[in-house]
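Notes for the one structure printed next.
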Amino acid sequence: MMTMKKIILLLVMIMAVGTVSAKKDRLYASFGTLNNANITSGNLSFTETTNANLVLFTFSSGELANYSTLHFKITKVSTTSQSGNLYRLQFRKGSTELKTTDNYTTEDLTLDLFSLGITLADVTDIRLLGPQYQMSVITLSVKDVYLEKATDNECMSIATTINSTSNKTAPFAWELGGNNPTIYARFGTSIEGTGTALFGSDYAGPTNGYYFDVTGYDYAIADLTAFTGGDVRYFNNDGSASGVITNATTYIAFSGTQHITTIKGGSNSSSKAITVNTIDFVKDFAAVSNTAFGIAASSASTIAYDRAFTVGRRSTVCLPFALTASEVTAAGTFYELTSVSNGTLRFTKVTETEAYKPYVFEAATTTPFANLTNKAITATPASYSTTVDGYTFQGTMAHLSLPSGVYGYNASTGEFSVTSGTDVTIDAFRAYITAPANARASLTAVFDNEPTDIETVNNEPLTMDQTYNLAGQRVGDNHRGIVIRNGRKILVR
């Protein structure tokens, strides 16, 4: 068993700098599907109470786990409620209701998401419901309904930006239809008129022109600093509009697979001047998400991954992007599994890395992946592992439970240990080792043939029920403060 030094991951949110737009503190409501409710001039009317709702947020890959607080502010217009009840909030996983709150009477709500008692990574949408027994009419605005980032969750954010300097045939993967359309990229210049393309094909429909794939992206941020009226819409390849921009900066959430033909002036844009500076397509992925990471191919993307490492200590990584030689040098030392002989696993240093390939990693800085620019994202493959002579170094793209008999990295002991039982979990963007049935009871690992780096494999069962503080010291289960338990950082109050 490879004995490694103890590593405690301090999951500190590191705000991105420069052009990293993915690391926003807030995610604003997209105001999606309406069911038995109406919005007129900013006023939301619940016309019935049984099934009336408005979809505020949608999530595809456990993104709510990145957030800790929901802020919700309304202006009450009128209500038929005898008790002053105004609204409820519902959290769903697909068609399953996970939590519906009691009736709220406040017009300015700050909701602690952790108090809901549900697994936030499971939530696929948040809905606004009318009061349980009475109808109401309220006023709300996008800028007053938003989620605020948690400060202690590990997150990988990817922002793919299109602007006046973007190649119009990039950064997304384009799919070709039956005609030969013109591709537009009119950023930074004023356009007028309904249907004028800002970005994309001048034909709609899968058989009529090009359309680009934004599968896996969660939302888009449009910056319209010279907006003087009208609207801008995202059009799917079937001709339907997937979102509407009507103010200076709007967040449009995606749901599931999206193939977008064009972004253009909407039905209210006739004779209205619109200038779009940038549109960012964003994916926020929590390492504790049970849904596997997945994203469409893109280029010129910015990546902000806030996982914190202990300098000079080894851990495992499996990243959905490649690193150049200069980026590897800046980040630290990466080792790939290259051979297995007589019970010895040999890991060799690499000068560049590949996307979706697992490595043993020794960090040169605490947050080596917090600000990576101009990165290409490749479509997520079916598997992400390296197998040598029956030994598999398996990467992870989701939080999962490890089966018995594999070698997982144990943060509490600082080593790979064989798992026993079903209580051992591992987060996304890491790796573990599986050995063949005839593997030796005692294994060793060698890094670049350096004798000082020979480490014995520990075949003692891996258990994760101990509690440690951030200094790596064993503490009692009732110790207050931020602790590491079951391999994850939690706050004990």
- side chain to side chain donor-acceptor pair (under 3.5 Å) evaluation trace for Thr165 with Asn163: CA-CA 5 Å; Thr165 63; Asn163 55 30; 2.7 Å; yes
- Task: Take Ile126 and Leu64 through the side chain to side chain contact (heavy atoms under 4.5 Å, CB included) test and state the conclusion after the steps.
- Result: CA-CA 10 Å; Ile126 302 175; Leu64 187 59; 4.1 Å; yes
- Message: Quick one, Val418 with Val406, criterion side chain to side chain contact (heavy atoms under 4.5 Å, CB included). Give me CA distance, side-chain angles, the key distance, then yes/no.
- Response: CA-CA 5 Å; Val418 67; Val406 304; over 6 Å; no
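Between Thr348 and Tyr335, the side chains place no donor N or O within less than 3.5 Å of an acceptor N or O (distance only, hydrogens not considered). Between the side chains of Asp213 and Thr215, at least one donor-acceptor pair of N or O atoms lies under 3.5 Å. Judged by distance alone, the side chains of Thr58 and Asp125 never bring a donor and an acceptor atom under 3.5 Å apart. In summary, the side chains of Gln394 and Tyr384 do not present any donor paired with an acceptor at a separation below 3.5 Å, with no hydrogens or angles considered. A side-chain donor-acceptor contact under 3.5 Å links Ser298 and Tyr217.
Qualifying side-chain hydrogen bond (donor to acceptor under 3.5 Å, both in side chains) partners for Thr119, counting only residues two or more places apart in sequence or in other chains: none. Taking the salt bridge (Lys or Arg N to Asp or Glu O under 4.0 Å) definition, one finds that Glu97 meets it with nothing, sequence neighbours left out. Listed by chain and residue number, nothing satisfies the ring pair (Phe, Tyr, Trp, His ring centres under 6.0 Å) test with Tyr432 (two or more places apart in sequence, or in another chain). For Phe334, the ring pair (Phe, Tyr, Trp, His ring centres under 6.0 Å) partners at least two apart in sequence or on another chain are Tyr359, Phe361.
Within the structure, salt bridge (Lys or Arg N to Asp or Glu O under 4.0 Å) pairs that include any residue of residues 382-401 do not occur (at least two apart or interchain). Listed by first and then second residue, the side chain to side chain donor-acceptor pair (under 3.5 Å) pairs that reach into residues 318-332 are Thr324-Ser326, Thr324-Glu327, Glu327-Lys375, sequence neighbours excluded.
Residues Pro358 and Arg430 are not in side-chain contact: their nearest non-hydrogen atoms beyond the backbone lie 4.5 Å or more apart.
No option in Thr110, Leu89, Asp112 other than Leu89 meets the side-chain contact (heavy atoms from CB on, under 4.5 Å) test with Leu70.
The aromatic rings of Phe429 and Phe293 sit perpendicular, their planes meeting at an angle over 60°, well past the 30° parallel limit.
Arg313 has no carboxylate O lying under 4.0 Å from a charged side-chain N of Glu362, or vice versa, which leaves the two without a salt bridge.
Geometrically, Lys357 does not engage Phe393 in a cation-pi contact defined by less than 6.0 Å to the ring centre and at most 45° from the axis.
A distance of 8.5 Å separates CG of Leu120 from CG of Asp122, quoted to the nearest 0.5 Å.
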